[in-house]
There are 2 protein chains.
Amino acid sequence: MPVRSSIQLSRSRVRLTTRSPMTNPLIARLRLLSSLSEDDLQILEAACTGPQTVPAHSDIQAEGRGTEHIHIVQSGWAARYRLLRDGRRQFPALLIPGDLCDIDALLLNRTHFGVVALTSCTISVLPHARLREIMESRPAIRDVFWWLTFVENAISAEWTVGLGARSAEERLAHLFCELLVRLATVEMTDGNSYALPLTQDQLSDAVGLSAVHLNRTLQDLRGSGLISLDGHRLTIHNWEALKDFSDFSADYLHVEGLRSGENRRAAH
Amino acid sequence: MPVRSSIQLSRSRVRLTTRSPMTNPLIARLRLLSSLSEDDLQILEAACTGPQTVPAHSDIQAEGRGTEHIHIVQSGWAARYRLLRDGRRQFPALLIPGDLCDIDALLLNRTHFGVVALTSCTISVLPHARLREIMESRPAIRDVFWWLTFVENAISAEWTVGLGARSAEERLAHLFCELLVRLATVEMTDGNSYALPLTQDQLSDAVGLSAVHLNRTLQDLRGSGLISLDGHRLTIHNWEALKDFSDFSADYLHVEGLRSGENRRAAH
DNA sequence: CGCATACTTGAGCGTTCTCAATACAGGTGG
DNA sequence: CCACCTGTATTGAGAACGCTCAAGTATGCG
């Protein structure tokens, strides 16, 4: 039993050698977590058109607008955001490669949240019309997108709990745990360490703290020896202790994948 | 222009005379907000089995369990909850008649949130297997359930924003606005007033405040003349002012109903 | 080298918390 | 009808937490 255990996701379904580093991370994630066939994955990948670059700080999707595409983060970090009257800003979600920015626009007229690129991002686009076609002919894909919606919902609920009931330090530690697990599913971690290219300002909008207090909280966390954050690389020195401190459990991220599906099959 | 304007939802599709007071509130809500046919509504209503009574304070769905049914609130108030190690509790969602308690269990193995009855509730049950059958034969119903998921998601995001960026008083005022609109869709309001059967303890778990501070915040709100809360009836004396104070906009509740659907039709 | 952005630190204030006591309400049994 | 009991609401006081304002220090880029 190593003193510093490290997070480990099952990678049984992943064939690293067959994937170029430029592979769509959403596809990578679904290959790992869903039971979609290679066929389905390829159809989906083909439907994602033209990754285009969005510079940091600019909107991927403006607040209150409609859209006819789903935006998918290919590389870089983004966030859903909401501006309050007096200029306060809150991120209800942080988006990393493989995340859908605005799937809710598929059925909702307007997204009342904007999506902003926190770093320079490449974003690919999946037209609603095309996705509807695909979902019609491939029910498994439809289920996967619904599943993704549920997972997002679970993350959102967990953030609500954190903001409502956890202290600043716990909240931040919890976020670092969440990010390790989520980044691991798209192979953006290196052991217990990952690149965290956000500014403290941006982090503070995610955890609902002022930038000043975020800075101090970060120092407390560093001081406790649980993590370090130098340059923009976050390292978790003691995963078990950080998990324990922040009361983190990866359950809500549903990293174990889709329900195995006897019931679904039985029903069809 | 009345000084105290009152909230008004379009009720054009509702035929009040044809509905008994015992009608399934989920069906009532969908009749109002979705474009489901009367046929679809009836199929759905028929699939909701045996409303059963759950006493206040007991679990409708235990934390971390799986389930083979969707639980639907018929009457009474419930909440999704999450317990933290040290006993703190947070509600990521408040559930009123017509709400689905645990639709995510349809695709997720376990719900990591519990559902508790806040008052005595009647809960009806929709078996997953049956719902899957129905969704297979009635795509419109499938879309409506996905739409409901998105709306929940939007509410959850809005709560995140509130907890992260709004003051105690704004947060509480915002919740009162939200509840007015949501209750109006199931006809549980009387003008700008509604029964709010929750204890202050329960309210405090929804807005992430201590019970003591919730009490004081409530008094501030009462003192400002915007609302009153006597017995368990909440009255909003000045809807516009309360909306303005809490920066509330009903957009995120999507009370205007499903997207009109040209795109959906075009794709099929 | 200089400017802009990000990070850090200090100090004081305001909000929200905890602990603890008190008041009030509804329901039960004597 | 009253005494009591439990749960809920209210109040006070002090402490902790997180905020704002403001200054100062890195760091990176042109």
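The sequence lines fix the lettering, A, B, ..., with proteins before strands; numbering per chain opens at 1.
Among the protein residues, A/Gly208 comes within range of the sugar-phosphate backbone only, with heavy atoms under 4.0 Å from sugar or phosphate atoms but none that close to a base. B/Ala211 comes within 4.0 angstrom of nothing in the nucleic acid, heavy atoms only. Note on B/Thr199: only backbone sugar-phosphate atoms sit closer than 4.0 angstrom, heavy atoms only; bases stay farther off.
Here D/dC17 presents its C1' atom at 10 Å from CG of A/Leu209, a figure rounded to the nearest Å. Here the C1' atom of nucleotide D/dT8 and the CG atom of B/Leu196 are 14 Å apart, to the nearest Å. Taking atom NE2 of B/His213 as the reference point, atom C1' of C/dC17 lies 9 Å away to the nearest angstrom. Rounded to whole Å, the distance from CG on B/Leu118 to P on D/dG7 is 17 Å. Atom CG in A/Asp230 sits roughly 15 Å away from atom C1' in D/dA26 (whole-Å rounding). Atom CG in A/Asp201 sits about 12 Å away from atom P in C/dT5, given to the nearest Å. We find that CG of B/Leu214 is positioned 10 Å from P of C/dC17, with the value rounded to whole Å. Atom CZ in A/Arg166 sits about 18 Å away from atom C1' in D/dC17, given to the nearest Å.
Relative orientation of the A/Phe248 and A/His174 rings is perpendicular, given thresholds of 30° and 60° on the angle between their planes.
A side-chain donor from one of B/Tyr81 and B/Asp59 sits under 3.5 Å from a side-chain acceptor of the other.
When distances are taken from the side chain of A/Gln219 to each of D/dT20, C/dT9, C/dC7, the shortest belongs to C/dT9. When the nucleotides C/dT16, C/dC7, D/dA9 are ranked by their closest atom to the side chain of A/Asn215, C/dC7 comes out on top. Relative to the side chain of A/Arg216, the nucleotides D/dT20, D/dG18, D/dA9 differ in distance, and D/dT20 lies closest. When distances are taken from the side chain of A/Val212 to each of C/dA6, D/dA22, C/dC17, the shortest belongs to D/dA22. Of the listed nucleotides (C/dT8, D/dT11, D/dT10), C/dT8 has the atom at the smallest distance from the side chain of A/Arg222.
Judged by the 6.0 Å and 45° rule, A/Arg80 forms no cation-pi pair with A/Phe113.
Between A/Gln200 and C/dT8 there is a side-chain polar atom (N or O) within less than 4.0 angstrom of OP1 or OP2. The side chain of B/His232 places an N or O atom within less than 4.0 Å of a non-bridging phosphate oxygen (OP1 or OP2) of D/dA9.
For the side-chain hydrogen bond (donor to acceptor under 3.5 Å, both in side chains) with B/Gln200, the qualifying choice from B/Asn215, B/Asp205, B/Thr217 is B/Asn215, the only one to do so.
Nearest-nucleotide assignment on DNA chain D puts the 5′-proximal partner with B/His57, out of B/Gly164 and B/His57.
B/Arg29 has no carboxylate O lying under 4.0 Å from a charged side-chain N of B/Glu187, or vice versa, which leaves the two without a salt bridge.
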